[in-house]
2 protein chains.
Amino acid sequence: MSARLIDGKAIAADIRADLREQVQRLPVQPGLATVLVGTRPDSVTYVNMKHRACAEVGVRSVRVELPESVSEAELVGRVRELNTDPQVHGILVQLPLPPHIDEERVLAQVSLEKDVDGFHPVNIGRLAMKNRDPLFVPCTPLGCIELLRHSGTAIAGRQAVVLGRSNIVGLPVALLLLRENATVTVCHSRTRDIAAVVRQADILVAAIGKPEYVQADWLRPGVTVIDVGINQKPDASSARGYRLVGDVDFDACRRVAGQITPVPGGTGPMTIAMLLRNTVRAAQRQVQNG
Amino acid sequence: MSARLIDGKAIAADIRADLREQVQRLPVQPGLATVLVGTRPDSVTYVNMKHRACAEVGVRSVRVELPESVSEAELVGRVRELNTDPQVHGILVQLPLPPHIDEERVLAQVSLEKDVDGFHPVNIGRLAMKNRDPLFVPCTPLGCIELLRHSGTAIAGRQAVVLGRSNIVGLPVALLLLRENATVTVCHSRTRDIAAVVRQADILVAAIGKPEYVQADWLRPGVTVIDVGINQKPDASSARGYRLVGDVDFDACRRVAGQITPVPGGTGPMTIAMLLRNTVRAAQRQVQNG
Ligand SMILES: NC(=O)C1=CN([C@@H]2O[C@H](COP(=O)(O)OP(=O)(O)OC[C@H]3O[C@@H](n4cnc5c(N)ncnc54)[C@H](OP(=O)(O)O)[C@@H]3O)[C@@H](O)[C@H]2O)C=CC1
Ligand SMILES: NC(=O)C1=CN([C@@H]2O[C@H](COP(=O)(O)OP(=O)(O)OC[C@H]3O[C@@H](n4cnc5c(N)ncnc54)[C@H](OP(=O)(O)O)[C@@H]3O)[C@@H](O)[C@H]2O)C=CC1
């Protein structure tokens, strides 16, 4: 048996096509502002990808770039300017911020209505609470749920195991799965006998940042696997000297799983599609609310 | 074999004795304000218990009582007055609020420094996030952790199962257990085969509000059981016509569990002790910060 692939690249392309149409129907052009502090190569790459994706669906994008040495006050000042800029409907502060800046204080300054990354402390608090709806949900976790939906995997009443509890992936994924009425288990570096826990899963989300860590014999046959990991593995046959692999040993696990996302081409493209969707929805809301 | 009892009543009494001393050493008398809207009998009872407990440890308590029909604006106005009242160090808005009032908006008005109930959306958001520390943690969940500590139950690396995901008990308990490095599973009314999930638990926290629901044959021998449930069970032999039971079938489960909290006398007294502790700490902080 071989698992059915959950093709994040194709699903994300469909979502982008749909968003392109929605953008055309809007009376204003949606705008996304990215705020990048410093020049971390991975952050620069992510920001560039986001701008390219914006262009593709017709979202205007604005780039704010600040030196590594910027003061928190100055950064907050720039965020406040964006809050009042009518051409900017979504604001994304690229994380991580340099250590001299208090991340939570900065994120708390982003207007709730423009918090398309979903990391405003109030949006996170609402995500954790029953009967309170965050205006926006973090993009990678939202992309995981969307992949489950598109793959036809039932969530309610199923056992979901999440590997990882980071603020940007593991924990919000777990909160979203709980909202979808899964029975949710969260594992992390202190979990004992992780294989036995994973074996309970009908749905497994791996977000630990360890290349090919999840083994095939940990899986219950038929499980749906969402692999969030993006790791570099040395590979002499590649021009770059490495290739990208997930947190799951894909070649072995696909023989046991029922459905599985590839890396690359799984959760990665979905993250960006969800950012675009959040931005278009922010613009729609702001148009409606005048 | 019979489980060791975790005596919440005795542990809470020790904590109160310690707080009484701390209060005497403070240059100001700590003050707690309760805000009660309407006359729900259970809410009235809880508020009364809190005032009695304050008196016992030397905390001044102030009672704000508002009619069921109070407007949200008026309620918020009262909360703001308490925020600026130097004699009030902690503010507790008794929940639930009437349906015409937006609970989150009201809780968000409580000064973070005085949010001794821990329900400000920002405190909840911080509770959910790694490396962010809420100023205060909700009292019942905190009491559960404190009972585990006092019982000598190791948490890190153990499997914890939480039954219930309410905003006031289940979910914050799960987040706290995760912070303590347990591997945490959250169950709820949509969970299938709850017995099999419970059987994985080294630590079980039951907070579902169903009298004696958890059965002895669901338990792994030696498990530590924290029973948060407070339910009325008809009992002709009692003058009131009922007696209080937990969410766990105590008489049967104590034969399998390693340690267990009784109801009453388990989590109930701890909730109030934690409220007093939060209030005393709020006063200590406010004295320090001038
Ligand atoms: N597809 C996408 O768009 C995105 C992909 N990613 C990728 O997802 C992965 C995770 O990212 P992120 O959440 O930011 O990573 P973090 O490093 O912030 O968090 C990793 C989490 O995994 C846990 N963990 C580490 N080792 C183990 C182990 N051996 N067993 C169980 N748990 C373990 C850690 O536990 P503890 O808390 O105890 O330390 C931690 O909770 C990375 O590969 C990253 O590149 C990230 C963002 C977007
Ligand atoms: N000791 C103390 O100081 C306190 C005690 N309590 C007591 O704790 C208990 C829970 O209170 P609270 O959290 O406010 O209650 P809620 O009614 O708000 O929440 C109950 C939770 O239990 C879940 N649940 C209900 N039935 C089942 C079932 N058959 N199997 C699994 N899960 C189920 C619900 O699931 P779903 O989300 O799917 O509906 C929900 O998440 C009550 O008995 C209450 O009196 C409460 C506060 C303080």
Side-chain angles (χ1 to χ4, degrees), chain A residues 96 102-105 107-108 112 119-134 154-172 174-175 177-194 196-202, chain B residues 96 102-105 107-108 112 119-134 154-172 174-175 177-194 196-202:
Chain A
D102 183 322
E103 185 179 291
E104 188 198 25
R105 272 208 299 262
L107 294 173
L112 271 183
F119 289 129
H120 189 294
V122 168
N123 273 328
I124 293 287
R126 287 185 185 163
L127 181 62
M129 298 270 104
K130 251 173 105 164
N131 305 326
R132 295 211 192 133
D133 288 314
I155 306 178
R158 314 290 294 285
Q159 292 222 41
V161 172
V162 178
L163 307 184
R165 55 173 167 178
S166 74
N167 291 347
I168 60 167
V169 191
L171 195 99
L175 294 172
L177 287 165
L178 198 56
R179 282 183 168 249
E180 299 285 334
N181 293 315
T183 300
V184 180
T185 302
V186 180
C187 297
H188 43 76
S189 68
R190 304 289 298 276
T191 294
R192 293 186 201 156
D193 199 357
I194 197 167
V197 179
V198 169
R199 211 163 283 125
Q200 312 293 321
D202 301 309
Chain B
D102 183 322
E103 186 178 291
E104 188 198 25
R105 271 206 301 260
L107 294 173
L112 272 182
F119 289 130
H120 189 295
V122 167
N123 272 328
I124 293 287
R126 287 184 185 165
L127 181 63
M129 297 271 106
K130 250 173 106 165
N131 305 325
R132 293 211 193 135
D133 288 313
I155 305 178
R158 314 291 293 287
Q159 292 223 41
V161 173
V162 178
L163 307 184
R165 56 173 165 177
S166 74
N167 291 347
I168 61 167
V169 192
L171 194 97
L175 294 172
L177 288 166
L178 197 56
R179 283 183 166 249
E180 299 284 335
N181 292 315
T183 299
V184 180
T185 301
V186 181
C187 298
H188 45 74
S189 68
R190 306 289 297 276
T191 294
R192 293 186 201 156
D193 199 357
I194 197 165
V197 179
V198 168
R199 211 163 285 125
Q200 311 295 320
D202 300 310

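Here is how names work: the chains are called A, B, and so on, in the same order as the sequence lines, proteins then strands, and each is numbered from 1.
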Open item on the list: Working to the nearest 0.5 angstrom, can you tell me the gap between B:Met129 CE and A:Leu107 CG?
Closed with: 10.0 Å

Open item on the list: So, using side chain to side chain donor-acceptor pair (under 3.5 Å) as the criterion, who are the partners of A:Glu180 when residues are at least two apart?
Closed with: A:Arg149

Open item on the list: Can you tell me which portion of B:Leu178 sits under 4.5 Å from chain A's heavy atoms? Options are side chain, backbone, both or neither.
Closed with: both

Open item on the list: Heavy-atom pairs under 4.5 Å with chain A - which of B:Val186, B:Val122, B:Asn123 has more of them than the others?
Closed with: B:Val186

- [ ] With a 4.5 angstrom heavy-atom cut-off, could you sort out which part of B:Val162 is near chain A: side chain, backbone, both or neither?
- [x] neither

- [ ] Side chain from CB out, backbone as N, CA, C, O: work out which of these in B:Arg165 comes under 4.5 Å of a heavy atom of chain A, or both, or neither.
- [x] both

Task: Segment of A:Val161 engaging chain B (4.5 angstrom heavy-atom cut-off) - done: neither

Task: Which of A:Asn181, A:Asp193, A:Thr191 touches chain B most, by non-hydrogen pairs under 4.5 Å - done: A:Asn181

Task: chain B contact via A:Ala182 - which portion, at a heavy-atom distance below 4.5 Å - done: backbone

Open item on the list: Would you compute the distance between atom CZ of B:Arg192 and atom OG1 of A:Thr183 and round it to the nearest 0.5 angstrom?
Closed with: 8.5 Å

Open item on the list: Going by the rule side chain to side chain donor-acceptor pair (under 3.5 Å), which residues pair with A:Asp133 if we only count those two or more places apart in sequence or in a different chain?
Closed with: A:Arg179

Open item on the list: Just so I understand: if I count every heavy-atom pair under 4.5 Å between each of A:Arg158, A:Glu104, A:His188 and chain B, which residue has the most?
Closed with: A:Glu104

TODO: Let me know if A:Ile194 has heavy atoms under 4.5 Å from chain B in its side chain, its backbone, both or neither.
DONE: neither

TODO: Go through A:Glu103, A:His120, A:Arg126, A:Gln200 and name the one with the most non-hydrogen pairs under 4.5 angstrom from chain B.
DONE: A:Arg126

Task: Leading residue by heavy atom contact count with chain A [cutoff under 4.5 Å; candidates B:Asn131, B:Asn167, B:Leu127, B:Ile124] - done: B:Asn167

Open item on the list: With a 4.5 Å cut-off on side-chain heavy atoms, are B:Gln159 and A:Val197 touching?
Closed with: yes

